[in-house]
Amino acid sequence: NAGVTQTPKFQVLKTGQSMTLQCAQDMNHNSMYWYRQDPGMGLRLIYYSASEGTTDKGEVPNGYNVSRLNKREFSLRLESAAPSQTSVYFCASSAQGLGGGNQPQHFGDGTRLSIL
Amino acid sequence: AQSVAQPEDQVNVAEGNPLTVKCTYSVSGNPYLFWYVQYPNRGLQFLLKYITGDNLVKGSYGFEAEFNKSQTSFHLKKPSALVSDSALYFCAVRDRTAAGNKLTFGGGTRVLVKP
């Protein structure tokens with residue numbers, strides 16, 4: 001079972017370059033999420049999509065944009081990369097359970113992004 | 001607002017000894033609580049969750065967690081730790097009354113189990 005697939009796994013960018021991180025899930029989940037993980041700070045939510053056709057800002061959305069292309073795919077775009085965006089980026093998905101929000105999130109293995 | 005605190009950056013334990021990873025939370029209403037584990041160069045893997053009912057929740061790989069409403073805690077436990085349990089552990093909370101399905105994660109606790 002593939003679960004949540006992220007591409008690429010590694011990337012090095014120069015300041016000012018743009019890039020799109022891809023994420024796809026095969027679990028028929030409604031909700032998808034993008035997080036960044038920095039040492040000592042846990043995971044911080046960048047954007048999320050509660051269902052196909054909707055996106056909302058999370059805790060740290062500045063400098064990022066997202067597209068929920070269809071139910072399976074949710075991409076994250078850096079329009080003009082900055083060194084502060086050096087991080088590990090995780091995509092996750094979850095089903096919508098009864099009462100919403102009590103279903104676990106399933107994570108991809110991350111994209112390690114360095115911006116010079 | 002919702003928040004999570006994991007007061008210990010690292011926990012060291014000898015193999016075969018009990019393991020406890022601490023988590024406290026803050027929510028306006030009632031919480032959904034989760035524990036995840038992360039191995040090197042991998043994404044987070046779900047261990048267990050508390051929704052309602054029995055305060056002692058059992059999960060994967062022999063882990064369990066106890067929900068304590070009065071202390072707003074959700075500590076992760078394992079009776080006998082294995083070297084393979086060495087990893088990074090995250091506690092997460094969602095306020096049931098909040099809109100959306102957003103989790104707030106703690107900063108993580110690194111567990112090192114020594115042979």
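Convention: sequence-line order gives letters A, B, ...; per-chain numbering from 1. Excluded from the calculations below are hydrogen atoms, water molecules and symmetry mates; all remaining heavy atoms, backbone and side chain alike, are included.
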Transitive ILVMFWY side-chain link [X] to [Y], under 4.5 Å:
X     : Y     : result
A:M19 : A:L69 : no
A:V4  : A:M32 : no
B:F67 : B:L48 : yes
B:W35 : B:F90 : no
B:V93 : A:L45 : no

> A:F90 and B:Q38: which non-hydrogen atoms are nearest, and at how many Å?
Replying inline: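 Here A:F90 and B:Q38 meet closest at CZ-NE2, 3.3 Å.
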> Which bit of A:E59 comes within less than 4.5 Å of chain B, counting heavy atoms only: side chain, backbone, both or neither?
Replying inline: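 Contact with chain B involves no heavy atom of A:E59 at all.
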> Under a 4.5 Å heavy-atom cut-off, does chain B meet the side chain of A:L43, its backbone, both or neither?
Replying inline: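 Answer is both: backbone and side chain atoms of A:L43 are under 4.5 Å from chain B.
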> Using non-hydrogen atoms only, which part of B:L33 is less than 4.5 Å away from chain A: side chain, backbone, both, or neither?
Replying inline: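 Neither part.
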>> Please classify the contact of B:N41 with chain A as side chain, backbone, both or neither, using a heavy-atom distance under 4.5 Å.
In response: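 Both backbone and side chain of B:N41 come within 4.5 Å of chain A.
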> In Å and rounded to the nearest 0.5 Å, what is the NE2 to CD distance from A:H106 to B:Q45?
Replying inline: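 One finds 11.0 Å between NE2 of A:H106 and CD of B:Q45.
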> Taking atom OH of A:Y33 and atom NZ of B:K102, what is their separation to the nearest 0.5 Å?
Replying inline: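 One gets 10.5 Å once the value is rounded to the nearest 0.5 Å.
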> Hey, which residues of residues 104-115 of chain B are touching chain A, say heavy atoms under 4.5 Å apart?
Replying inline: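 When heavy atoms of chain A are the reference, residues 104-115 of chain B contributes B:F105, B:G106, B:G107 within the under-4.5 Å range.
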> chain A contacts: which residues in residues 16-29 of chain B have a non-hydrogen atom closer than 4.5 Å to it?
Replying inline: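 Residues qualifying by a heavy atom under 4.5 Å from chain A are absent, so none.
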>> I'd like to check A:Q103 versus B:F46 (side-chain heavy atoms, cut-off strictly below 4.5 Å). Are they in contact?
In response: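 Side chain of A:Q103 against side chain of B:F46, heavy atoms only: no contact under 4.5 Å found.
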> Does OH in B:Y39 sit with more than 12 non-hydrogen atoms of other residues, nucleotides or ligands closer than 6.0 Å?
Replying inline: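 Yes, the 6.0 Å shell around OH holds more than 12 heavy atoms from other groups.
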>> Is it the case that atom CZ in A:R77 sees more than 12 heavy atoms from other parts of the structure closer than 6.0 Å?
In response: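 Yes, the 6.0 Å shell around CZ holds more than 12 heavy atoms from other groups.
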> Residues of residues 108-116 of chain A under 4.5 Å from chain B (heavy atom pairs)?
Replying inline: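 Residues in range: A:G108, A:D109, A:R112.
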> Side chain of B:Y36, backbone of A:Q105: donor and acceptor closer than 3.5 Å?
Replying inline: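 Looks like yes, one N/O pair under 3.5 Å.
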>> Going by salt bridge (Lys or Arg N to Asp or Glu O under 4.0 Å), name the pairs with one or both residues in residues 80-90 of chain B, residues two or more places apart or in two chains.
In response: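 Residue pairs passing salt bridge (Lys or Arg N to Asp or Glu O under 4.0 Å), neighbours aside: B:K78-B:D85.
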